[in-house]
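Numbered from 1 within each chain, the chains take letters A, B, ... in sequence-line order. The figures here come from the full heavy-atom set of this structure, side chains too, leaving out hydrogens, waters and symmetry mates.
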Amino acid sequence: QVTAIGEGEGEVSIVAWAGYIERGETMKEFDWVTKFEADTGCKVSVKTANTSDEMVALMNEGGFDLVTASGDASLRLIAGGRVQPVNIDLIPSWATVDDRLKDAPWHTVDGVHYGVPYMWGPNVLMYNTDAFKDAPPTSWNVVFEEMTLPDGQSNKGRVQAYDGPIHIADAAQYLMFHKPELKITSPYELNEEQYKAALDLLRVQRDLVGRYWHDAFIQMDDFKNEGVVASGSWPFQVGLMQSEKQPIASVIPQEGATGWADTTMMHVDAAHPNCAYKWMEHSLASNLQSDLSVWFGANPAVLAACTDGRGMQTAEGCTANGLDDFDKIRFWTTPVANCAQGEGACVPYYRWVSDYIGVIGGR
Amino acid sequence: MRSDANPNRASLGLKLAAIGGLLFLHLPILLIFLYAFTTEERTYAFPPPGLTTEWFAAAWNRPDIWQALWLSLKVASVATFLAMILGTLVSAAMAQARFFGREQISLLIVLPIALPGVITGISLRSAFGMMDIPFSTWTIILGHATFCIVIVYNNAVARFRRLSGGVLEASADLGANAFQTFWHVLLPNLGTALLAGGMLAFALSFDEVIVTTFTAGQQATLPIWMLEELIRPRQRPVTNVVAILVFLATILPILAAYYLTRSGSETAGAGK
Amino acid sequence: MTAPAILPERGPADRLTAFFWRRPRVFLALLLAPPLLWLGVVYLGSLATLLWQSFYSIDEFSGMVKEDFTLKTYAELLRPANFDVILRTLLMSAAVTLGCALLAFPIAYFAARFARGRWKAVFYLGVMLPLWSSYLVKVYAWKLILAKEGIVTWAAEATHTSGLLNALLALPVIGGNSLSTSYIGMFMVFVYVWIPYMILPMQAALERVPTSMLEASQDLGASRAQTFRTVILPLALPGVIAGSIFTFSLTMGDYIIPQIVGNSANFIGMAVYQLQGTAGNIPLAAAFSMVPILIMLVYLTLAKRAGAFDAL
Amino acid sequence: MTAAVEFQSVSRHFGSGPNAVKAVDAVDLTIAEGSFFAMLGPSGSGKTTCLRLISGFEQPSAGAIRIFGQDVSAIPPNRRNVNTVFQDYALFPHMNVRDNVAYGLMVKGTPRALRHAKAEEMLHLVQLGGYGDRKPGQLSGGQRQRVALARALVNEPRVLLLDEPLGALDLKLREAMQDELKSLQQRLGITFVFVTHDQHEALSMADSLAVFNQGKIAQIGSPEDIYAKPRTRFVADFVGSSNILPPALTQALGGPAQWASLRPEHTRLAATGPLTGTVTALRYLGAATRVVLKSGDTEIAALVPAGDPLPDPGSTAAIAFAPQHLHLMEDK
Amino acid sequence: MTAAVEFQSVSRHFGSGPNAVKAVDAVDLTIAEGSFFAMLGPSGSGKTTCLRLISGFEQPSAGAIRIFGQDVSAIPPNRRNVNTVFQDYALFPHMNVRDNVAYGLMVKGTPRALRHAKAEEMLHLVQLGGYGDRKPGQLSGGQRQRVALARALVNEPRVLLLDEPLGALDLKLREAMQDELKSLQQRLGITFVFVTHDQHEALSMADSLAVFNQGKIAQIGSPEDIYAKPRTRFVADFVGSSNILPPALTQALGGPAQWASLRPEHTRLAATGPLTGTVTALRYLGAATRVVLKSGDTEIAALVPAGDPLPDPGSTAAIAFAPQHLHLMEDK
Ligand SMILES: Nc1ncnc2c1ncn2[C@@H]1O[C@H](COP(=O)(O)OP(=O)(O)OP(=O)(O)O)[C@@H](O)[C@H]1O
Ligand SMILES: Nc1ncnc2c1ncn2[C@@H]1O[C@H](COP(=O)(O)OP(=O)(O)OP(=O)(O)O)[C@@H](O)[C@H]1O
Ligand SMILES: [Mg+2]
Ligand SMILES: [Mg+2]
């Protein structure tokens with residue numbers, strides 16, 4: 001654990017989700033890198049990852065300083081010893097972090113912090129307003145069950161699903177609402193029976209899905225060119241498509257939503273620890289947090305960002321992004337065998353991985 | 001005349017199939033050209049809403065393109081150079097004599113192109129990993145040179161075969177030592193085949209993406225840049241502009257390779 | 001004055017020449033050493049490390065590689081989902097190879113037998129240019145062509161053949177929502193990008209069939225079709241096999257096309273790429289890699305026996 | 001009796017305009033049924049083109065070709081009952097010898113057992129019984145040549161075309177095959193049309209012989225006629241090695257002022273005679289020695305049979321000959 | 001006078017064990033300086049291998065080779081002052097004719113002007129003055145052959161090796177080149193070692209001749225010797241076309257019970273004689289007609305000079321000859 005921050009090493013490399021670290025290249029207004037580089041002399045290089053698994057793989061491989069890990073990756077990183085404890089005393093802005101996040105279990109193990117929160121948000125249901133006309137969807141059933149959409153055509157071939165095993169949790173959450181007899185308590189803690197039901201649901205979904213999405217930009221292409229009209233998605237795509245004047249909107253349906261809460265974590269062998277600490281501090285600046293939450297359509301880790309007017313975000317914007325729905329969102333966590341249902345009662349993540357590949361392969 | 005009567009005339013069906021096949025090969029390329037001029041920057045709507053040449057200027061002003069281009073040029077040049085040396089040596093040996101293990105060696109040479117690129121890539125990467133070799137320009141070159149050897153080899157060995165031991169023996173017979181024979185007879189005769197092989201190897205390395213993704217680490221060669229760019233577009237038509245420029249730049253070497261090997265039996269460019 | 005019967009030795013170059021003349025094997029060894037070191041050490045060495053890694057396994061929770069020898073990873077390879085991947089890839093590779101062969105034959109045949117002078121150059125360039133123009137950009141161009149709102153749909157509407165297209169897409173298994181999300185579309189893109197690799201060796205093999213052989217066949221009473229079947233085809237076979245090495249292997253290992261076109265079902269190349277990159281499961285990736293290696297080794301041995309190497 | 005092959009002022013020109021090659025130029029030709037017909041001529045004189053016109057691989061630019069009286073302008077090669085033994089044999093490398101020979105029967109739909117039986121029979125005829133299972137690559141040149149022959153003959157063609165079939169064989173083998181071909185032709189009674197540029201071959205094998213020069217027939221007739229009575233300087237020079245005498249010399253030797261030919265074997269060496277010269281070269285030919293005399297600009301060769309005394313190089317000798325051997329020719 | 005080339009029981013075996021090919025098998029050979037030495041033999045008899053042993057491209061498996069008295073086992077080809085005219089000429093395709101010819105001088109470091117002058121001189125010698133700027137591809141076969149000759153001769157070699165240099169030429173050109181080569185050799189006085197499988201060529205050109213068979217020398221001597229007095233059946237059969245008489249027949253004809261040869265040109269046709277048979281074949285050869293008589297299992301050929309009366313096929317005739325022409329041989 002670092003005890004003091006020294007001179008910057010001149011660079012810092014970060015593994016991040018698409019759209020997380022912007023330097024004005026996609027849109028000029030959204031730039032929270034250039035000034036940091038000028039101020040600290042730390043040149044930022046970003047490696048975009050598309051799934052949590054990829055993030056873990058990249059961190060296992062090494063060569064990076066920081067990662068914006070979601071809850072389903074962070075504990076794996078900690079367990080694997082890929083990330084190091086963060087000395088929050090060296091991060092003055094820690095105090096401004098949303099209290100709901102400060103000790104969140106996905107980055108705090110035995111009271112030790114393994115990172116600073118970055119952003120959180122729901123996995124929304126994105127849909128095409130032309131296809132749904134006056135009847136916006138209210139349930140995830142549009143992506144799970146075959147039906148005729150308001151434009152008179154079937155949803156078959158016109159919906160997408162996330163190309164990551166964590167999508168099983170979305171199915172579980174859907175079942176939690178529609179099949180209470182399964183007694184699912186958490187979509188990340190499924191016993192064999194519950195797990196099987198979720199997979200069955202996903203097999204039904206397989207017939208509806210033309211292609212799964214794992215890249216935000218390819219998903220946007222598919223909405224534009226492939227006639228896709230509904231899919232689980234991130235606020236990021238919704239915002240970007242709307243800014244392009246596409247007929248796109250999103251909702252959090254009645255079943256609720258899974259979501260992600262991301263943490264900036266530091267590699268155990270980070271080559272540029274000083275710059276990394278400088279970035280972690282910078283990442284909590286309220287103007288960055290504010291712009292980021294506008295840009296990505298999610299919620300800042302620093303509450304002041306919604307209100308202090310230093311960035312683009314407003315209190316209404318935060319509310320619209322679901323700032324108050326924190327408790328309703330079931331954040332991505334890594335499924336483990338030892339769960340609330342008992343030792344070894346739940347299906348662990350590695351089975352999620354192979355079974356989901358099977359489902360996509362039509363098995 | 002009955003169609004059977006003249007065996008030197010192609011039947012209409014064959015002609016149509018051949019020309020149709022060629023068109024099939026070129027349709028997507030026309031599309032690439034078209035979309036270099038579209039005014040729509042984020043999607044490829046068809047037909048394009050309007051045409052513009054602004055993307056050429058935009059491409060010119062993108063430093064990341066220049067970096068990627070420079071890296072690609074560097075990698076392709078060095079890999080081609082290495083492959084030419086190694087390929088020539090092995091073709092000289094293979095043309096010269098029958099020896100024990102000759103068959104195995106010929107198998108070994110084609111292996112890098114006969115095995116899928118993903119295999120070459122992942123095995124190189126795991127070897128780098130095991131030996132703690134950090135990614136660098138050299139790791140990319142290492143991969144590229146490996147599969148370029150066979151391209152040079154294919155060209156050179158065909159020429160060696162055509163060169164029949166004859167002229168080399170004639171040179172020695174007339175009093176030349178091995179070095180004089182190499183310089184005055186072998187090199188001039190092998191030259192065009194090597195050049196052709198080299199150019200094809202260069203073009204191959206320049207467009208390689210499968211192996212490169214495994215051996216490049218965080219470096220971006222031009223194809224890797226394109227991959228990033230195609231998936232996460234900022235200015236999509238710029239990618240097409242780059243593709244066109246590369247395309248135009250490769251026509252010349254390909255034409256040259258064609259004319260250099262025309263008289264020979266080399267299948268210029270077979271093998272990737 | 002007559003010249004001496006034996007000329008004097010002039011300097012080290014002559015001495016070295018004499019040395020190698022007396023020991024041709026040493027010279028051969030010198031020629032072979034650098035390329036063999038390269039291919040043998042760098043390439044085979046890497047393949048060996050890969051093989052080695054396939055006997056490791058991965059810790060399911062942390063994703064860290066456990067460096068203990070085990071056959072667990074191979075057992076995993078044979079799980080139904082993974083087995084599907086292998087089977088799917090092989091079927092696709094075989095289909096693509098067949099498609100390439102069928103489509104390439106008229107082109108290669110015409111170029112080899114009938115194209116002369118300018119047309120010969122046109123055909124050569126016509127095959128080479130697509131081959132050397134950026135693979136990625138071509139694939140993306142195809143995505144546009146095949147997309148639901150892409151050119152094929154547009155053209156089908158313009159020519160009132162949408163019904164045909166929909167019928168095609170309605171086919172079970174290989175059909176789909178649009179060409180770009182179906183096996184048919186993926187097949188088309190694969191055929192497109194690899195077909196030059198089939199045309200070139202095929203054309204070379206066809207060019208080597210002497211005209212007199214065809215005339216002999218006709219002279220003996222064979223019709224065009226009979227000549228084609230009994231003479232041209234068997235003689236061009238090594239070229240077809242050589243080409244099929246490429247199309248089969250390239251399809252088997254590609255991971256970019258199945259990612260961009262098709263219905264997200266996994267292929268070997270994609271699985272290797274994702275296992276290695278996304279999932280960090282190098283042992284399984286290595287085990288997966290052994291499948292194409294084994295298949296290609298068998299394929300190459302058979303091809304060599306059929307004389308296809310001379311046609312490469 | 002109809003002619004086996006008949007050319008009526010047949011031409012075959014390649015290209016057009018001033019660069020056109022007149023490969024075959026207004027040729028009239030009649031090949032009698034059952035004869036062994038040879039075409040002799042230097043390289044590029046149109047022999048192969050003539051054969052290809054008969055087999056149908058070339059179409060005449062002008063004129064008509066009849067095979068057994070029938071005009072064949074609309075008949076493709078595969079429907080002419082004419083078979084060819086190609087110069088490079090053109091055996092199918094992927095088939096064994098038996099299948100090669102049976103090929104013509106196979107494409108006609110003859111059942112396997114029957115065609116194999118016939119092929120074996122043919123192979124016996126060309127003394128290759130038992131070689132049926134070999135691939136052509138495993139045969140020597142002469143054996144391949146015989147397979148090509150068997151392959152053509154199995155179809156029972158009315159006319160067999162042979163394009164320099166012995167060109168690639170070495171001398172001994174060549175002589176053996178000449179005998180074999182000749183006797184085969186006599187036995188089968190098929191019309192053979194044989195192309196060669198070797199005059200010995202043409203003379204010794206043919207019943208009838210056409211000498212080609214630049215797309216035209218320079219002379220046509222029996223070998224004896226052509227050898228003994230060449231009509232033109234070209235024929236005299238090309239067929240056998242003749243002394244060609246310019247008009248002045250002919251006159252000096254007692255003939256009219258016309259070109260004439262005098263065969264070396266018709267001359268004797270004598271102490272004196274109408275033509276005296278210096279001995280410049282002696283060449284031993286085994287059965288005889290060729291002696292060259294030089295007198296002014298003229299060189300004259302005489303043949304001295306083995307055993308007769310030879311003059312010394314540099315000495316002076318004269319040539320004598322019987323007047324009937326001085327053969328007068330057209331100035332061409 | 002030392003011999004130009006001397007082989008002392010030289011062998012060259014390829015491969016080893018039972019499959020070894022004895023390309024050259026314990027050959028003893030002496031080639032006199034300044035002579036025109038020919039090697040004659042069927043394909044695969046080891047002629048080329050012998051030449052390559054002299055030029056240094058092969059090394060003997062056993063035995064010693066001396067060139068002008070000096071053992072050359074340690075001398076690589078480039079230091080042997082021996083030049084070769086290759087069968088396929090092996091001209092350098094990328095150099096023009098002049099540079100081809102000047103190559104040997106260039107690698108010796110002769111200045112450009114001098115070597116070009118010498119090359120031009122050599123080109124004149126072979127009657128190719130003015131062709132210096134052409135590329136080999138622009139020459140005809142005979143011209144290439146002469147360039148190859150000039151290229152070898154410009155180095156003033158002590159021995160010139162020629163491996164079937166005329167094999168690829170057609171008959172007329174071949175005869176012309178034979179004359180040219182022979183006179184060139186006489187003019188320059190260089191030792192020529194000439195490989196051929198054409199007995200006419202060997203007989204007419206050589207001063208001395210070795211007949212090869214299966215890696216061994218079957219006979220060595222002057223052409224006259226070899227033609228008139230073949231030592232073995234193989235030589236009699238290979239050189240010229242002789243009648244080979246089995247011991248019984250020789251005895252019947254008045255000789256001892258030994259194999260014998262009888263040249264067709266030494267026989268006459270007669271009404272009666274020691275050997276009578278049926279005329280089975282007549283072959284017109286121009287200068288003479290070859291008549292084959294069959295008597296029991298034996299076939300005997302006789303040569304009837306042009307002009308003499310010919311028997312009818314099927315009729316009976318006898319052969320007469322002078323007893324001294326019945327040449328006895330070893331049983332090989
Ligand atoms: N397809 C063709 N196109 C153009 N010219 C041709 C063609 N075929 C033959 N010729 C020309 O026609 C002439 C006669 O050729 P042909 O092959 O009949 O000669 P040939 O007598 O068979 O000679 P050779 O003894 O060399 O085989 C030559 O000048 C040749 O170049
Ligand atoms: N490098 C070699 N390896 C193995 N065998 C060889 C080699 N060179 C020659 N031979 C064999 O040695 C024998 C003699 O060959 P050589 O070339 O000397 O014959 P040749 O008399 O020149 O015949 P030709 O008239 O056909 O040229 C042949 O059986 C040949 O196959
Ligand atoms: Mg011809
Ligand atoms: Mg030889």
Side-chain angles (χ1 to χ4, degrees), chain B residues 4 7 10 14 17-18 21-22 25-26 28-29 31-32 44 46 86 89-90 92-93 96-97 99 106-108 110 112 114-119 122-124 126-127 130 142 146 149 154 175 177-179 203 207 209 223 226-227 230 239-240 243 246-247 250-251 254 258 267 269-272, chain C residues 13-14 17 20 28 31-32 34-35 38-39 42-43 45-47 49-50 53 103 106-107 110 114 124 126 128 130-138 140-142 144-145 150-151 154 197 200-201 204 214 218 223-224 245 249 252-253 255 269 272-273 276 282 285 289 292-293 296 300 309 312:
Chain B
D4 254 4
L14 175 63
L22 268 200
L25 280 173
H26 286 267
I29 296 188
L31 208 65
I32 296 171
Y44 284 138
F46 188 86
L86 297 172
L89 286 176
V90 74
Q96 202 194 29
F99 49 87
S106 82
L107 194 68
L108 177 61
V110 298
L115 288 185
V118 70
I119 307 284
I122 191 178
S123 54
L124 283 174
S126 64
M130 272 203 166
L142 207 72
T146 304
I149 292 176
N154 270 348
N177 62 40
F179 300 89
D207 191 35
V209 56
M226 280 190 184
L227 187 60
L230 283 166
T239 324
N240 283 35
V246 171
F247 179 81
T250 42
I251 287 184
I254 291 171
Y258 173 62
T267 41
K272 188 164 196 171
Chain C
D14 271 11
T17 304
F20 285 134
L28 191 66
L31 283 181
L32 278 174
W38 185 286
L39 287 173
V42 174
Y43 190 64
S46 308
L47 287 180
T49 51
L50 191 67
Q53 303 234 31
L103 208 58
I107 303 178
F110 188 88
F114 301 109
Y124 176 79
M128 290 308 276
L131 175 57
W132 294 121
S133 49
S134 172
Y135 157 81
L136 290 166
V137 179
K138 277 186 300 191
Y140 265 84
W142 270 99
L144 298 181
I145 295 174
I151 293 171
W154 178 81
Y197 296 99
L200 289 172
L214 307 184
Q218 242 198 324
S223 66
R224 254 172 201 263
I245 293 176
S249 150
M252 198 161 51
Y255 61 83
V272 170
Y273 177 70
Q276 186 276 148
I282 299 221
S289 303
I293 291 181
M296 284 320 292
L300 285 175
F309 272 37
L312 273 182

Task: Heavy-atom pair of closest approach, residues B:H26 and C:G126 - done: NE2-O, 2.8 Å

Open item on the list: One pair to check against side chain to side chain contact (heavy atoms under 4.5 Å, CB included): C:W38 and B:L142. What are the steps and the verdict?
Closed with: CA-CA 9 Å; C:W38 185 286; B:L142 207 72; 3.8 Å; yes

Task: Spacing of CG belonging to B:L31 relative to CH2 belonging to C:W142, to within rounding of 0.5 Å - done: 10.0 Å

TODO: First locate atom CZ of C:F20, then atom CG of B:N177, and finally report the distance between them rounded to the nearest 0.5 Å.
DONE: 12.0 Å

Task: Smallest separation among heavy atoms of C:S134 and B:M226, with atom names - done: OG-SD, 3.4 Å

Open item on the list: Within the 4.5 Å heavy-atom criterion, are C:L47 and B:L115 side-chain neighbours or not?
Closed with: yes

Task: Most chain C-contacting option - heavy-atom pairs closer than 4.5 Å, from B:P28, B:P223, B:A243, B:A127 - done: B:P28

Task: Point-to-point distance, once rounded to the nearest 0.5 Å, from OH of C:Y43 to CG of B:L108 - done: 8.5 Å

TODO: Determine, step by step, whether B:V90 and C:L39 satisfy the side chain to side chain contact (heavy atoms under 4.5 Å, CB included) criterion, reporting the C-alpha distance in whole Å, the side-chain angles of both residues, the deciding distance to 0.1 Å, and the verdict.
DONE: CA-CA 11 Å; B:V90 74; C:L39 287 173; over 6 Å; no

TODO: Please report the closest heavy-atom contact between B:V118 and C:G269, naming both atoms and the distance.
DONE: CG2-O, 3.9 Å

- [ ] Using a cut-off of under 4.5 Å on heavy-atom pairs, state which of B:I29, B:T146, B:L124, B:I149 scores highest against chain C.
- [x] B:T146

TODO: Find the one option among B:A203, B:A17, B:P116 whose heavy-atom pairs under 4.5 Å with chain C are most numerous.
DONE: B:P116

Open item on the list: I'd like to verify something: which residue of B:G117, B:A178, B:G21, B:S126 has the highest number of heavy-atom pairs under 4.5 Å with chain C?
Closed with: B:S126

Open item on the list: I'd like to know whether C:F114 forms a side chain to side chain contact (heavy atoms under 4.5 Å, CB included) with B:L14, so could you lay out the CA-CA distance, the side-chain angles of the two residues, the decisive distance to 0.1 Å, and finally the verdict.
Closed with: CA-CA 10 Å; C:F114 301 109; B:L14 175 63; 3.4 Å; yes

- [ ] Would you sort out whether C:F110 and B:L22 count as a side chain to side chain contact (heavy atoms under 4.5 Å, CB included), showing the intermediate values?
- [x] CA-CA 11 Å; C:F110 188 88; B:L22 268 200; over 6 Å; no

Open item on the list: When you measure from the side chain of C:S289 to the backbone of B:I119, do you find a donor-acceptor pair of N or O atoms at a distance under 3.5 Å?
Closed with: no

TODO: Look up atom CG in B:L25 and atom CG in C:L103, then write down how far apart they are to the nearest 0.5 Å.
DONE: 7.5 Å

Open item on the list: Ignoring hydrogens, what is the shortest heavy-atom contact between C:T49 and B:M130? Give both atom names and the distance.
Closed with: CG2-SD, 3.7 Å

Open item on the list: Looking at every non-hydrogen atom in both residues, tell me the closest pair between C:I107 and B:A18 and how far apart they are.
Closed with: CG1-O, 3.8 Å

